[in-house]
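Single-structure report; data block below.
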Amino acid sequence: MSTEPVLALRDVSKHFGAVQALYGVDLDVHAGQVMALVGDNGAGKSTLIKSIGGIHPFDGGELRFDGSPASITSPKDAAALGIEIVYQDLALADNLDVVQNMFLGRERLQGLRRLDENGMETEARKTLSGLSVTTLRSVRTPVAALSGGQRQSVAVAKAVMWNSRLVILDEPTAALGVAQTRQVLDLVKRLGDKGLAVILVSHNLHDIFEVADRIAVLRLGQKVAEFDAAGTNQQEVVEAITAGSLQKVPGMVEAQPS
Amino acid sequence: MTQVAEQAPLSSTSDAPPGDGSLADYFRAYLVRVRSGDLGSLPIIVGLLIIVAVFGSLRPAFLTAGNFTNLIVQMAGLTTIAIGVVFVLLLGEIDLSVGYVSGVAGVVLARLLTENGLPWFAAVAAAVLTGTLIGLLQGLIITKAGVPSFVVTLAGLLAWNGVVLILIGGRGTVVVSDRVVIGIANRYLPPVAGWVLAAALVAGFVATQLARQRARRAAGLPTVPPLIVALRVVLLSVLVGGAVVLCNASPRGGVPVAGVLMAVLLLVWSYVAGRTRFGRHVYAVGGNAEAARRAGIDVDRVRVAVFMIASTMAALGGVVLASRLRSVDTAAGGGDILLNSIAAAVIGGTSLFGGRGKVSSALLGALVIASVANGMGLLGLSSGAKFVVTGLVLLASLLVDSFARRGRSSRGLA
Ligand SMILES: Nc1ncnc2c1ncn2[C@@H]1O[C@H](COP(=O)(O)OP(=O)(O)OP(=O)(O)O)[C@@H](O)[C@H]1O
Ligand SMILES: [Mg+2]
């Protein structure tokens with residue numbers, strides 16, 4: 001693709017103490033493109049996403065958004081750029097209801113600095129029905145009372161409600177039934193068709209081949225391969241996941257003189 | 001998914017009905033809620049009825065208009081402090097310093113009035129502001145140094161107790177003689193003024209309820225059944241009207257100023273907790289701090305603000321207590337003030353684990369505690385017996401909540 005990527009990562013890395021979770025990763029995601037991110041448990045997928053989201057910023061490398069260098073040091077920065085993320089652990093407040101969760105941190109106000117509950121409720125209902133989430137009895141149900149799949153639907157709805165440029169979904173279908181998985185996959189396709197950039201993390205290669213344009217493979221914190229989805233097959237991807245060749249010795253940070 | 005979950009203690013919007021908004025749906029949801037262990041204010045109302053029945057039969061003086069009016073004055077300081085405690089508990093934190101912070105504020109008030117001759121408004125402002133600054137200090141230590149609030153405010157409990165002693169010094173007792181300050185807990189409105197305020201309160205309630213109904217209907221959202229709204233209005237009218245009748249019939253001849261102050265504080269802080277962005281963020285941080293952080297909420301700022309609210313309300317409570325006693329001494333802020341204020345919030349239905357509760361629980365809990373103290377006083381029992389009974393009431397309320405929670409989790413609603 002000749003256009004500027006929406007998100008470009010160059011040589012980014014991240015370590016937690018002595019654990020090197022990401023090691024010199026490059027990644028380009030273009031508008032209208034669904035980038036699948038795959039890899040074994042502990043490969044660093046969630047770490048990469050949380051760093052993009054400003055939860056724990058990268059400690060090396062460069063992040064460019066729309067071609068210009070961007071520094072994302074907090075979730076607010078990410079949201080301001082138009083990055084929306086569905087985290088693997090969902091990050092919903094159990095004690096708040098569906099509407100309150102969907103607008104958390106971005107509540108709408110009306111006179112007297114009062115929350116615009118009706119406006120938010122209307123908007124939330126619209127988004128949910130747009131996603132064909134029909135099993136919710138009331139959008140005023142506290143999230144604590146929802147099933148795992150319903151919670152996941154709410155988290156996805158929360159991410160797509162905003163006018164975002166890049167939507168990242170970390171295993172969004174992990175807890176979903178057949179019908180809901182279908183809906184999320186369709187949604188991912190629609191987001192791509194609408195011109196958004198999408199990063200999708202999943203362990204289900206079947207799903208990935210259905211919706212992804214490109215597939216990036218992480219192994220032990222390094223990107224070991226990237227494929228055009230149309231030009232590869234499951235076999236090749238599995239091989240990369242389990243045995244992709246590493247450029248650097250994995251594991252520990254180089255011993256530092258103490 | 002047939003479960004209709006608890007609305008009251010979790011979410012703060014009472015104008016959105018469960019389900020499609022029909023009356024049948026409303027009652028079905030209520031029954032499900034009660035059966036699934038969300039009893040709302042039910043246990044505390046039952047508890048209050050028991051208290052009234054027991055003390056009323058043992059001591060008819062308990063049920064007089066005069067005693068009811070006294071009770072309002074007796075609970076005003078406690079309610080004020082407990083409102084701040086509710087906010088701290090909503091965060092899932094604790095503030096053990098509120099007792100002596102109220103003491104420090106009382107001493108600051110008394111000395112500025114009697115020794116520095118400051119006008120009442122300046123002295124009250126200084127006392128309350130002292131509380132705010134203490135809260136800022138404690139909040140900053142808790143958030144910036146990452147020390148648990150339990151430890152920081154335990155240190156505060158000791159240190160502010162010391163400050164009370166230092167500020168009192170060799171004086172023993174500082175008398176408060178300012179007419180306005182004394183008036184807070186010792187003056188009563190003319191009967192007509194009580195009625196005007198009660199009418200204004202009910203009218204304001206009706207107006208907001210109707211406005212909300214209209215707005216929701218205009219937005220095409222389901223509304224609370226009109227009958228429920230009517231019931232709410234009738235209930236409020238009976239409670240407020242009854243209180244005014246009793247106060248006006250008492251030897252004091254009217255509604256205590258402290259009662260009006262209490263009502264205003266409850267209204268203002270309920271609005272903050274339930275209707276503003278800040279209040280929503282308090283619930284979010286208490287429910288899931290990490291989710292709040294990922295939503296872009298400045299969690300530390302919310303926490304510092306809440307500790308400032310707690311200390312500010314404690315200081316204001318200290319002013320009310322000083323007004324009632326007409327003096328402060330070395331015991332200011334000590335005794336059962338701290339534990340009663342935390343117990344009030346919890347008995348009133350605010351969870352110790354964060355994210356669940358309402359400002360009004362401060363009122364309900366303080367009413368229970370003050371009634372028990374008042375009734376035991378009328379029975380002439382020792383303060384030892386009073387503590388034991390208050391402890392049992394607290395235990396009972398926690399047991400009810402615990403059983404309710406078990407019911408809730410067995411239905412996946414914990
Ligand atoms: N906050 C943290 N502190 C320390 N180590 C961490 C932290 N977060 C992740 N790690 C480590 O980083 C590595 C990558 O973890 P990550 O969660 O990114 O894996 P993942 O690819 O998302 O795996 P999964 O498929 O299981 O979700 C793991 O070794 C993990 O132990
Ligand atoms: Mg992961």
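Chain letters run A, B, ... following the sequence lines, proteins first and then strands; every chain starts at 1.
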Practice task
Indicate the atoms forming the closest heavy-atom contact of L115(A) with G274(B), along with that distance.
Solution key: CD1-O, 4.3 Å
Handout entry: Other residues, nucleotides, ligands: >12 heavy atoms within 6.0 Å of R217(B) CZ
Key = yes
Completion exercise
Closest heavy-atom pair, A93(A) versus A291(B), reported as atoms and distance to 0.1 Å, is N-CB, 4.2 Å
Handout entry: Heavy-atom proximity to chain A below 4.5 Å, by part of F278(B)
Key = neither
Problem - Which portion of D77(A) sits near chain B, non-hydrogen atoms under 4.5 angstrom - result: neither
Exercise for the section: Considering non-hydrogen atoms only, spot the tightest contact between R277(B) and E107(A) and give its length. Expected result: NH2-O, 2.5 Å
Completion exercise
Distance col, row L109(A):CG vs R275(B):CZ, nearest 0.5 angstrom, shows 13.0 Å
Practice task
Look at the side chain of N95(A) and the backbone N and O of Y283(B), then say whether any donor-acceptor pair between them is shorter than 3.5 Å.
Solution key: yes
Practice task
Please report the shortest heavy-atom distance between A284(B) and L104(A), naming the atom on each side.
Solution key: CB-CD1, 3.5 Å
Fill in the blank from the handout: Bottom line for L92(A): the part with an atom under 4.5 Å from chain B's heavy atoms is backbone
Handout entry: N118(A) CG to R214(B) CZ distance, which is reported to the nearest 0.5 Å
Key = 12.5 Å
Problem - Residue pair L221(B), E117(A): steps toward the side chain to side chain contact (heavy atoms under 4.5 Å, CB included) verdict - result: CA-CA 11 Å; L221(B) 296 169; E117(A) 296 285 359; over 6 Å; no
Practice task
Measure across P75(A) and G296(B) and return the closest heavy-atom pair with its distance rounded to 0.1 Å.
Solution key: CB-N, 4.1 Å
Handout entry: Residue part contacting chain B, namely of I85(A), when any heavy atom lies under 4.5 Å
Key = neither
Completion exercise
If one checks every heavy atom of R113(A) against chain B at 4.5 Å, the contacting part turns out to be backbone
Completion exercise
K158(A) and A295(B) have their tightest heavy-atom pair at NZ-CB, 4.4 Å
Exercise for the section: Identify whether the distance between the nearest side-chain nitrogen and carboxylate oxygen of E121(A) and R216(B) falls below 4.0 Å. Expected result: yes
Exercise for the section: Please report the C-alpha distance between D298(B) and K76(A) in whole Å, then the side-chain angles of each, then the deciding distance to 0.1 Å, and finally whether the side chain to side chain contact (heavy atoms under 4.5 Å, CB included) criterion is met. Expected result: CA-CA 9 Å; D298(B) 189 338; K76(A) 258 207 161 101; 5.7 Å; no
